[in-house]
Visitor: 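Dropping a structure here in structure tokens format, bear with me for questions.
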4 protein chains.
Amino acid sequence: MMSDSPTRVVVAGASGYAGALAAELVWGHPQLELAAATSRTEAGTRLDRLYPRYRCPIELKELDLALLEDVEAAIVAYPHGAATPVVAEMRGMGLTVVDLSADFRLVDAAIYERWYAPHGEPELLDNAVYGLTELDRDRIRTADLVANPGCYPTAALLALAPLAERGLLGSAIVDAKSGVSGAGRGAGERVSMVNLAENSMAYSVDGHRHLPEIEQELKRLTGVVPDVVFVPHLLPIDQGLLASCYVDLAEPVADVGALYAERYAGDSFVDVTEVPPGVREVRDTNLCRIHAAPLGEDRAVVFAAIDNLWKGAAGQAVQNLNLMLGLDEAEGLV
Amino acid sequence: MMSDSPTRVVVAGASGYAGALAAELVWGHPQLELAAATSRTEAGTRLDRLYPRYRCPIELKELDLALLEDVEAAIVAYPHGAATPVVAEMRGMGLTVVDLSADFRLVDAAIYERWYAPHGEPELLDNAVYGLTELDRDRIRTADLVANPGCYPTAALLALAPLAERGLLGSAIVDAKSGVSGAGRGAGERVSMVNLAENSMAYSVDGHRHLPEIEQELKRLTGVVPDVVFVPHLLPIDQGLLASCYVDLAEPVADVGALYAERYAGDSFVDVTEVPPGVREVRDTNLCRIHAAPLGEDRAVVFAAIDNLWKGAAGQAVQNLNLMLGLDEAEGLV
Amino acid sequence: MMSDSPTRVVVAGASGYAGALAAELVWGHPQLELAAATSRTEAGTRLDRLYPRYRCPIELKELDLALLEDVEAAIVAYPHGAATPVVAEMRGMGLTVVDLSADFRLVDAAIYERWYAPHGEPELLDNAVYGLTELDRDRIRTADLVANPGCYPTAALLALAPLAERGLLGSAIVDAKSGVSGAGRGAGERVSMVNLAENSMAYSVDGHRHLPEIEQELKRLTGVVPDVVFVPHLLPIDQGLLASCYVDLAEPVADVGALYAERYAGDSFVDVTEVPPGVREVRDTNLCRIHAAPLGEDRAVVFAAIDNLWKGAAGQAVQNLNLMLGLDEAEGLV
Amino acid sequence: MMSDSPTRVVVAGASGYAGALAAELVWGHPQLELAAATSRTEAGTRLDRLYPRYRCPIELKELDLALLEDVEAAIVAYPHGAATPVVAEMRGMGLTVVDLSADFRLVDAAIYERWYAPHGEPELLDNAVYGLTELDRDRIRTADLVANPGCYPTAALLALAPLAERGLLGSAIVDAKSGVSGAGRGAGERVSMVNLAENSMAYSVDGHRHLPEIEQELKRLTGVVPDVVFVPHLLPIDQGLLASCYVDLAEPVADVGALYAERYAGDSFVDVTEVPPGVREVRDTNLCRIHAAPLGEDRAVVFAAIDNLWKGAAGQAVQNLNLMLGLDEAEGLV
């Protein structure tokens, strides 16, 4: 689907951190037009007043159906559960949709229910494609509904997939560290500056909702349920996510660095680096920087650094939307 | 060795981060007297001017032998290699010494040479006691020379020892995160605010000098060389260190939390907590906070949080010196 | 009022930042006993669980009259307006009260109403003493109700009073910078880490509620309404407040530094320093560090650094309570 | 001077913070070609390895004359004093030069000598133009040598010029706050993370080298030596500078906000805002955000926020070079 005039896109839920960035990116995109950006709580506020670091001057509106009438695509940044009916409505109107919530990430409604709640539109799950761009471009290109991956799964899967695809992935420990914007705008006191300044700690040790995503997608690559431990930590920063992945290799790998460099040679948003990446290097970009190194004969460690709001959320959403609309996947991104 | 008048202590190398805190702690200690604090580079400067957060008004001096004449004990905070001759001299004069460098931590001079350089006084190694207080109080009490553990080994060993002591430790992955003061005062541009602000990354992935300490001490507990991976990371903070330790258990443990609570029930500086600790909680204290949780049947995760300058350096040095001098180990500490 | 057994103190509103610290300080105070700590929103939670950096294990309770029956004193840390009826009740029961809100700081109810709301108990204002310790010890010692100063007025007044007392204060510009804990626990998104990380900005430029306090107290010293501009800024830190005060001198001062050193020579919590103080130096202490320097003939600049939660709130509250109870003002403080 | 092929530019001193960003900006500039980037200390290192946040893969080289032979322009980012001979050489070869040091900012060599050292090439001062773009576009367009302003003067002058130009500027107090990158790469321990984390303080209270620049340029606008106090402070952040300027007005101004909006209506890199700007809003951009507000009848406060490395250094250097080369001043900038 290519056209001369820009594709009109609505961003629903644009007052949250990921939605606001999605609106900013669509607004600055050379081949998209930001038809509207919506918010229940901040309707009437200009986006660049709500987030002075952004430049998009659009006024946030309440979402109503009239807004969607001459729109071709949508990025939905609603909370988990709340996204389902909105996405269903949009899909019913024929819109191309990228959904940032977890609502369409898990293909098995029973697993969704276990980690979240009963699913409101389970029949839509069959049509949703899990949108980790570098792993599934062909399916994303033809999808009408893409479930944008969680921030942690994006980093963890980009780190683990090259081994999983080759049958080299034994078990994996994913020790992940994220800036506080990953917790969302309404996260409250737990991630306040007073609690996080000069602090860092693990959380959700007994099971984080991003684990089933990681397991599902690794199983798609290997055919078997993977043995993965995933423990998230908070960093006292705003944006940035680092996944340190300790892998028991199924068999020795001669040059794990070369394996990664080769795997991602054609991916403009994945850099395989010679030293462990810092999250600052990828801040405000859609890049994932990966470094893989052997740990003796039988293990390797793989570090993946992303900006949780970009490659981990809004950036990847635009990257996916680009593919769905027949555009270059890098259009409008840095 | 107890006495009514305070024990006179010199702190050598008091312009660095750990040495300065050691001087501050000795200065405020009710049963110690700070006889002198020395520095080659900052002689003539008052400690509380060099570090305005400290209150000790002593003027730093060049170290010379006259300073040591009526002194009973010393804390040495010299760089690795440089500590050896100073400690040898002090021991020759009969001083009780806690050394903060790595020079006396590794009992095997060959291992020291592999990670650092040829050892200048290998015969002194036999008399040195590795000073992880909670693991070795009896040996520390009677030692004349204590090698104060590195910051990472302190956290990692406190996290792993309870399992190792019971033969429950299979392999372990230690993903450690430290504030930049751990790199020392002369660390330069790599840990500058411009490079670390809003940043975090792994380093020394191919082998950090603290690994042989961890291996040596675990082997002392278990009799076998442990299978440990240790990867340090930098956090964009000043003080604080968190070790996240992923353990393959040698056999299932019914209640890993209870095991830790019991192990450290008598240790005033180790808190076993019900939730993963944040490094901020232990800042400016000698505390180590530990949380242990099962990861399925066969694994556990143990988090240990310390202030790298306190329990990871100067605080533990005073704790050890207290024991060596027959004092309550908590004297002068918080 | 001195006694052998510790004075029983209740801290009301102990889930907020200042109230929690007040409870922690009272709990650790050698001559006070923390009879209870209350919170409407966090009743049932232990203080050291709500704030893991604190050690006080008391369980927060709903405030009811029974709690106050065998209590001699209270520190109240309620929001402005909400404090008035609680303080009135406590005073009716004969309790010695330090109130952290603004409710009793302004002696003129009309001024209070202009900046806040109609005052609920204007007759209590006559008995309240404005508790900037170093300026009013005698009145505080005999007071039953002390209105603890705001954080900004504490720093600004300590900076300006030595000149005002000598008739040397012409006009003053107070450019103040505060960490985000000053905004309180409920401050929300404006002071979130996402909005404040790597950020700093002025706010309340058209008039901050702390201005009338500064004006009132300077007028008490000089007899005339002062010409003061006060503009607060946010710093991307947790605790710490720096007031940079630019003063037009009424007449030349030969040695402004000496003037300050002399004025505060007897004040254990005010340090007059030779270089501009950093807020980190006074963190987690009740200290105010002040540096005064000439700016040509007719002007001076005075910097005052405090920890907004200590000298700017809970620390000064305990300092004042100590005086009211006949104790050494430094008891229980650092 | 316009051409179809890109103008070849060398950046000398590209290992420092400002020089590195200048090289990165020139490298990504659509109408410039980065012919070479030089460094004495880091020759042989790739720029994107030295600063992983940058993308320019050029290898830094030692500066020699051969490098300059087919080059049309240069940005020089040498330390004060060291820049003079390099700039003289380049000018002798006919290069268009923007110099980031202070060496050509002060038109009076005697004033330069008082604040820095004797000037090595005083005759070059006559040809140098002080490059605060928005104040002097016409002179910059025709200049061969532009002295790029200091970071503090950039913010202070953009804040004060609209009043000065209209004869409305009485005296001014400039309370400025800067991130630590302003101190440069070699600033060392004073701006280390250990000293700056959670800290903020004034410095150079007895006179900062940026003051004579501010005075010189205001005098150019008004004809008289201005009465300006300038006190810089450090913020615990990387990039960002906020100048809070308190102005005694020469006469009342009806609508100071409107005055600023009108003055900068045509300047794409100056935003006049309705609320005080935060430094985060302009980070990694060449923007200056300004907010002006009345303080009673006779005073106003003006806040100017810039990124000290962009508009305060390398960004403005490119903006000026664009003008000197006949390009759109915004080319290659954001």
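This one's a predicted model, so the numbers in the text were calculated from it and none came from an experiment. A note on names: the letters A, B, ... follow the listed sequences, proteins ahead of strands, and every chain is numbered from 1.
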Visitor: Sort out for me which of B:L295, B:L196, B:V231 touches chain A most, counting heavy-atom pairs under 4.5 Å.
Guide: B:V231
Visitor: Tell me, for B:V301 versus chain A, whether the close heavy atoms (under 4.5 Å) come from the side chain, the backbone, both or neither.
Guide: side chain
Visitor: I'd like a table of all donor-acceptor pairs linking chain B to chain A (distance under 3.5 Å, no angle check), giving the atom names and the distance to one decimal.
Guide:
unit_1: B:D175; atom_1: OD1; unit_2: A:K177; atom_2: NZ; d: 3.1
unit_1: B:D175; atom_1: OD2; unit_2: A:K177; atom_2: NZ; d: 2.9
unit_1: B:D175; atom_1: OD2; unit_2: A:Y246; atom_2: OH; d: 2.6
unit_1: B:K177; atom_1: NZ; unit_2: A:D175; atom_2: OD1; d: 3.1
unit_1: B:K177; atom_1: NZ; unit_2: A:D175; atom_2: OD2; d: 2.9
unit_1: B:K177; atom_1: NZ; unit_2: A:H233; atom_2: NE2; d: 3.3
unit_1: B:A197; atom_1: O; unit_2: A:R280; atom_2: NH1; d: 3.4
unit_1: B:E198; atom_1: OE1; unit_2: A:D238; atom_2: N; d: 3.3
unit_1: B:E198; atom_1: OE1; unit_2: A:R283; atom_2: NH1; d: 2.8
unit_1: B:E198; atom_1: OE2; unit_2: A:D238; atom_2: N; d: 3.4
unit_1: B:N199; atom_1: OD1; unit_2: A:V279; atom_2: N; d: 3.0
unit_1: B:N199; atom_1: OD1; unit_2: A:R280; atom_2: N; d: 3.0
unit_1: B:S200; atom_1: O; unit_2: A:V279; atom_2: N; d: 3.2
unit_1: B:D227; atom_1: OD1; unit_2: A:R299; atom_2: NH1; d: 3.1
unit_1: B:D227; atom_1: OD1; unit_2: A:R299; atom_2: NH2; d: 3.3
unit_1: B:D227; atom_1: OD2; unit_2: A:R299; atom_2: NH2; d: 2.8
unit_1: B:H233; atom_1: NE2; unit_2: A:K177; atom_2: NZ; d: 3.3
unit_1: B:H233; atom_1: NE2; unit_2: A:S244; atom_2: OG; d: 2.8
unit_1: B:D238; atom_1: N; unit_2: A:E198; atom_2: OE1; d: 3.3
unit_1: B:D238; atom_1: N; unit_2: A:E198; atom_2: OE2; d: 3.4
unit_1: B:S244; atom_1: OG; unit_2: A:H233; atom_2: NE2; d: 2.8
unit_1: B:Y246; atom_1: OH; unit_2: A:D175; atom_2: OD2; d: 2.6
unit_1: B:V279; atom_1: N; unit_2: A:N199; atom_2: OD1; d: 3.0
unit_1: B:V279; atom_1: N; unit_2: A:S200; atom_2: O; d: 3.2
unit_1: B:R280; atom_1: N; unit_2: A:N199; atom_2: OD1; d: 3.0
unit_1: B:R280; atom_1: NH1; unit_2: A:A197; atom_2: O; d: 3.3
unit_1: B:R283; atom_1: NH1; unit_2: A:E198; atom_2: OE1; d: 2.8
unit_1: B:R299; atom_1: NH1; unit_2: A:D227; atom_2: OD1; d: 3.1
unit_1: B:R299; atom_1: NH2; unit_2: A:D227; atom_2: OD1; d: 3.4
unit_1: B:R299; atom_1: NH2; unit_2: A:D227; atom_2: OD2; d: 2.8

Visitor: Could you pull out the closest heavy-atom pair between B:A202 and A:L242, with the gap in Å?
Guide: N-CD2, 4.4 Å
Visitor: Which heavy-atom pair separates B:P236 from A:P236 by the least distance, and what is that distance?
Guide: CG-CG, 4.3 Å
Visitor: Is A:A293 close to chain B through its backbone or its side chain, or both, or neither, when contacts mean heavy atoms under 4.5 Å?
Guide: side chain
Visitor: Below 4.5 Å from any heavy atom of chain B, which atoms of A:V279 appear? Answer side chain, backbone, both or neither.
Guide: both
Visitor: Could you tell me which of A:G207, A:A197, A:P294 has the largest number of non-hydrogen atom pairs under 4.5 Å with chain B?
Guide: A:A197
